Amino acid sequence: MFETLSDKLSSALRNLRGVGKLSEDNMADALKEVRTALLSADVHFKVARQFVDKVREEVIGKDVLKGVTPGQQIVKIIHDELVKLLGEGETQLNPKKPLKVMMVGLHGSGKTTSSAKLGRLLKKRDYANPHLVACDVYRPAAIDQLEILAKANDLGFTCDRDSKDVPAIGRAGLAAAKAAGSELIIFDTAGRLQIDHDLIEEVKRLRDTVQPDEVILVADGALGQEAVNVAKAFHDALNLTGLILTKLDGDARGGAALSIKSITGVPIKFVGLGEKVEEFEVFHPDRLASRILG
Ligand code: GDP
């Protein structure tokens, strides 16, 4: 993940790491390279500019710490700014139990897969009897897919193949989950190829009925800036509480992961790293920042 960005940033910083004294000149060159590296990873230009400005400000305002070279210090400052950009300290789920999570997103973003992945992960983290509710009433294949995933991962499951009444399905799911003593209920909603009025209205009706504690957008990280635009539109309509960024295993250049929090204000909470159900992780801004900086 993010190998290209990581390579570019390390080469931008390589010359600085050993530097004994930072000068306007060597810093300006390095920061220019950092900005270029971010832009070529498809990071939003405003985010890249603000990032570099912030780092410059920090470097200028700081006394050099004892025991580290100025070069090491700038690397540390960049690390800390990356962590902030990625949403430091904001990746926790609402601690409520039972926890109701509504998953939204465009068709093909990985919503159904991520619903099962999330159920499986949280089951291991002491949420009793996670329950999946199939609210995508337009694609029978999506219901089948969710059912297969629920069975394979020992998760509860509710659907109604004869109904298009999404709020009623949501209510039935809640009742079944309650009867099973479930501490986690995940609603997998329908997606379209683009965000449209009907889709949003239907999701809002479900939201008003089941009153989720978390509204999570599943966005395809490989889409880069487009994923950021999608997140913005869903957040405007639905007040998201978090994001799952999927397909970061592919050739995702990292732009979406690095821009999405600062452009939308919505933190990434989990990431999808492959098609398999176990290829899914809690998002850790500090770990990603360290990985990016190599
Ligand atoms: P939905 O239409 O949003 O419900 O999307 P699906 O869950 O059906 O996923 C669409 C495709 O993306 C499927 O082929 C999934 O296996 C695949 N997919 C989902 N998440 C990931 C991921 O993190 N990495 C990769 N490589 N593929 C994923």
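Counting starts at 1 for both ligands and their atoms, following the listed order. Predicted, not measured: the structure shown is a model, and the values here were computed from it.
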Enquirer: Is D80 salt-bridged to K76, cutoff N-O under 4.0 Å?
Expert: yes

Enquirer: Report yes or no: does a heavy atom of G274 sit under 4.0 Å from some atom of ligand 1?
Expert: yes

Enquirer: With a heavy-atom distance limit of 4.0 Å, tell me whether L273 approaches ligand 1 through its side chain, its backbone, both, or neither.
Expert: backbone

Enquirer: If the cut-off is 4.0 Å to any non-hydrogen atom of L106, which atoms of ligand 1 fall inside it?
Expert: 3 (O)

Enquirer: In ligand 1, which numbered atoms sit nearer than 4.0 Å to a non-hydrogen atom of Q145?
Expert: 7 (O), 8 (O)

Enquirer: Students should be able to answer this: which protein heavy-atom is nearest to atom 5 (O) of ligand 1, and at what distance?
Expert: G110 N, 3.1 Å

Enquirer: Counting each atom of ligand 1 from 1 as listed, which ones have a heavy atom of G272 under 4.0 Å away?
Expert: 23 (O)

Enquirer: What protein heavy atom is closest to atom 20 (N) of ligand 1, reported as residue, atom name and distance in Å?
Expert: K117 NZ, 3.9 Å

Enquirer: What's the shortest distance from atom 10 (C) of ligand 1 to any protein heavy atom, and which residue and atom give it?
Expert: G108 O, 3.7 Å

Enquirer: Is any side-chain N of the basic residue among E81 and K84 closer than 4.0 Å to the acidic one's carboxylate O?
Expert: yes

Enquirer: For the pair D136 (side chain) and D188 (backbone), establish whether a donor and an acceptor sit closer than 3.5 Å, ignoring hydrogens and angles.
Expert: no

Enquirer: Does any N or O of ligand 1 fall below 3.5 Å from an N or O anywhere on E275, backbone included?
Expert: yes

Enquirer: Is a side-chain N or O of T112 found less than 3.5 angstrom from the main chain of A142, in a donor-acceptor match?
Expert: no

Enquirer: Tell me: protein heavy atom nearest atom 3 (O) of ligand 1, and distance?
Expert: K111 N, 2.7 Å

Enquirer: Residue-level breakdown please: for D188 versus ligand 1, do any non-hydrogen atoms fall below 4.0 Å on the side chain, on the backbone, on both, or on neither?
Expert: neither

Enquirer: Could you check atom 7 (O) of ligand 1 against the protein and tell me its nearest heavy-atom contact, residue, atom and distance included?
Expert: T113 OG1, 2.5 Å

Enquirer: For the side chain of T246 and the backbone of S109, is there at least one donor-acceptor N/O pair under 3.5 Å apart?
Expert: yes

Enquirer: Side chain of K151, backbone of F157: donor and acceptor closer than 3.5 Å?
Expert: no

Enquirer: Which donor-acceptor pairs under 3.5 Å do the side chains of residues 162-179 make with protein atoms, sequence neighbours left out?
Expert:
from : atom 1 : to   : atom 2 : distance (Å)
S163 : OG     : D165 : N      : 2.9
K164 : NZ     : V137 : O      : 3.3
D165 : OD1    : A168 : N      : 3.2

Enquirer: Does ligand 1 have any atom sitting under 4.0 Å from a heavy atom of S109?
Expert: yes

Enquirer: If the cut-off is 4.0 Å to any non-hydrogen atom of T112, which atoms of ligand 1 fall inside it?
Expert: 1 (P), 4 (O), 7 (O)

Enquirer: Taking K96's backbone N and O only, do any of them form a donor-acceptor pair with N94's side chain (distance below 3.5 Å, no angle check)?
Expert: yes

Enquirer: Please check: side-chain N/O of H131 versus main-chain N/O of I185, any donor-acceptor pairing under 3.5 Å?
Expert: no

Enquirer: Which side-chain N or O atoms in residues 117-128 pair as donor and acceptor under 3.5 Å with protein atoms at least two apart or in another chain?
Expert:
from : atom 1 : to   : atom 2 : distance (Å)
K117 : NZ     : G274 : O      : 2.6
K117 : NZ     : E279 : O      : 3.2
K123 : NZ     : D154 : O      : 2.8

Enquirer: With backbone taken as N, CA, C and O and side chain as the heavy atoms from C-beta onward, which portion of D249 lies under 4.0 Å from ligand 1: side chain, backbone, both, or neither?
Expert: side chain

Enquirer: Please determine if E147 and R161 form a salt bridge, counting it only when a charged side-chain N lies under 4.0 Å from a carboxylate O.
Expert: yes

Enquirer: Can a donor-acceptor pair be found, under 3.5 Å and without considering hydrogens, that links the side chain of K100 to the backbone of I186?
Expert: no

Enquirer: Nearest protein heavy atom to atom 13 (C) of ligand 1: under 4.0 Å?
Expert: no

Enquirer: Taking distance alone, with N or O pairs closer than 3.5 Å, would you say L248 contacts ligand 1?
Expert: no

Enquirer: Please state which protein non-hydrogen atom is closest to atom 11 (C) of ligand 1 and give its distance, to 0.1 Å?
Expert: K247 NZ, 4.1 Å

Enquirer: Is R139 touching ligand 1 with its side chain, its backbone, both, or neither, if touching means heavy atoms under 4.0 Å apart?
Expert: side chain

Enquirer: Polar-atom distance check: E279 versus ligand 1, any N or O pair below 3.5 Å?
Expert: no

